[in-house]
Amino acid sequence: MSQVEMYVPLSRPEITDLERAYVLEVLSTPDLSLGPKLAEFEKKLAEYVGARHAIAVNSGTSALHLAIRALGIGEGDEVITTPFSFVASSNCILFERARPVFVDIDPDTLNIDVEAIEAKLSERTKAILAVDLFGHPADWARLRDIADRHRIQLIEDSCEALGAEYRGTQAGTLGDIGAFAFYPNKQITTGEGGAIVTDDPEIAALCRSMRNQGRSIGDEAARHVRLGYNYRISDINCALGLAQLERIDEILMRRTEVAARYRERLDEVNGVEPPGVSPEVKMSWFVYVIRLTGASRRERDRVIDRLESRGISCGHYFQPIHLEPFYRNAFGHREGEFPVTEAMGERTIALPFYNRLTEAEIDYVVEGLREVLTSLR
Ligand SMILES: *Cc1c(COP(=O)(O)O)cnc(C)c1O
């Protein structure tokens, strides 16, 4: 019965002649790294998000790691964070031998449940690392209030949220330090890449130094004054990012249109809840994650398998971090600790989502979903 009429991938970067031209231009210069495209990309990115400084690095994970280090978080410190995210948002805390202290999520926004944070604060809490999940900013006004009252810092994992806004302010600038990622499935891509954004010149200088082996900055002698890494991003990647950033308004508009089309079509499908958006938020669509109402994990997995067999690629966004084997083994986490996260981890499906997803493809996905759900129920 199920036959493949179309193949619809989960995500697909949109590379145009502009991206190709910018990359080729770099290839005819000698400056393949630490060249002018790096500085230009950082300047344009900082301008776009409205931050004083942007420091581009080779991945979003590197950006998060440097953010943790730049805030002086280390062994024995605790960082409050969400278990419903990509594993990097928690791993970056472990890199510095600090401890991620998980707080469950809000069932509407799927972001960290701010109500539940204060019960988890301790003498050792140094920061809250909140994730703007799927391009929907967290509740930053209330996060700021908690952080100010308890004198702790706010790290914004905005890796999925470039271009999103909370009460008119751009994602990435809502915490004390923000991190972006430019992997090919993100709103804009550099192939691999990421960036830290901050208004603090000292944090910016520290990140620039740590990105490049801990070298002193602006000092001709270039001594290695602190522990650093090679987290550099090449000018080839930055040129790709510059072209993508030039087209970002068009990219985000197109993604908004795709999300609206999904929403309209999903209205006709029983048992599916489309993603919600809070009124104070301007969404920057990263992925399109639906929930199956009342479905068990087994049912959800069967839906995904059957969609895959029709050529429709789906994702598990996200498997709860605390239940990943590494986290279970290292910290003794178990089922039942974060019920909302676990319930969402069992019944969400990421549908194919990218700029150039056509109406015919969306219709094919939604029709496939409707048929699969009907056949299973
Ligand atoms: C993509 C992403 C990152 C970083 O990813 P990289 O693959 O290292 O660029 C971090 N946090 C979240 C929530 C992400 O989605």
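Numbering of residues begins at 1 and proceeds along the displayed sequence. Whatever order the structure lists them in is the order used to number ligands and atoms, beginning at 1.
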> Which option, E160, K186, H65, E192, owns the non-hydrogen atom nearest atom 2 (C) of ligand 1?
Replying inline: K186
>> Do E192 and N58 make a side-chain contact, defined as non-hydrogen atoms from C-beta onward lying under 4.5 Å apart?
In response: no
>> I'd like to check which ligand 1 atoms, numbered from 1 as shown, lie under 4.0 Å from a non-hydrogen atom of S85.
In response: 13 (C)
> Is it true that L133 lies under 4.0 Å from ligand 1, counting heavy atoms only?
Replying inline: no
>> Looking at E78 and R99, is any side-chain nitrogen of the basic one under 4.0 Å from a carboxylate oxygen of the acidic one?
In response: no
> Does a side-chain N-to-carboxylate-O contact under 4.0 Å join E25 and K37?
Replying inline: yes
>> Suppose we measure from atom 11 (N) of ligand 1 to each protein heavy atom; which comes out shortest, and what is that distance?
In response: D157 OD2, 2.8 Å
> So which of F182, F84, F86, Y183 gets nearest to atom 5 (O) of ligand 1, if we judge by its closest heavy atom?
Replying inline: F86
> Any cation-pi pair here, R12 with Y354, using under 6.0 Å and within 45°?
Replying inline: yes
> Which protein non-hydrogen atom lies closest to atom 8 (O) of ligand 1, naming both residue and atom, and how far is it?
Replying inline: T61 OG1, 2.5 Å
>> Here's a test for you: under side chain to side chain contact (heavy atoms under 4.5 Å, CB included), which of L133, V87, T82 qualifies with F318?
In response: L133
> Do other residues, nucleotides or ligands put more than 12 heavy atoms under 6.0 Å from the OH atom of Y229?
Replying inline: yes
> Taking all non-hydrogen atoms of both residues, which atom of E367 and which atom of R265 are closest, and how far apart?
Replying inline: OE1-NH2, 4.0 Å
> Among protein heavy atoms, which lies nearest atom 10 (C) of ligand 1, and at what distance?
Replying inline: C159 SG, 3.4 Å
> Under 6.0 Å between ring centres, would you say that holds for F182 and F41?
Replying inline: yes
> Any idea which protein heavy atom is nearest atom 9 (O) of ligand 1, and the distance to it?
Replying inline: G60 N, 2.8 Å
>> Using a 4.0 Å cutoff against the non-hydrogen atoms of V131, which atoms of ligand 1 qualify?
In response: 13 (C)
> Would you say G194 contacts ligand 1, with heavy atoms under 4.0 Å as the rule?
Replying inline: no
> With a cut-off of 4.0 Å, which atoms of ligand 1 are near a heavy atom of L64?
Replying inline: 10 (C)
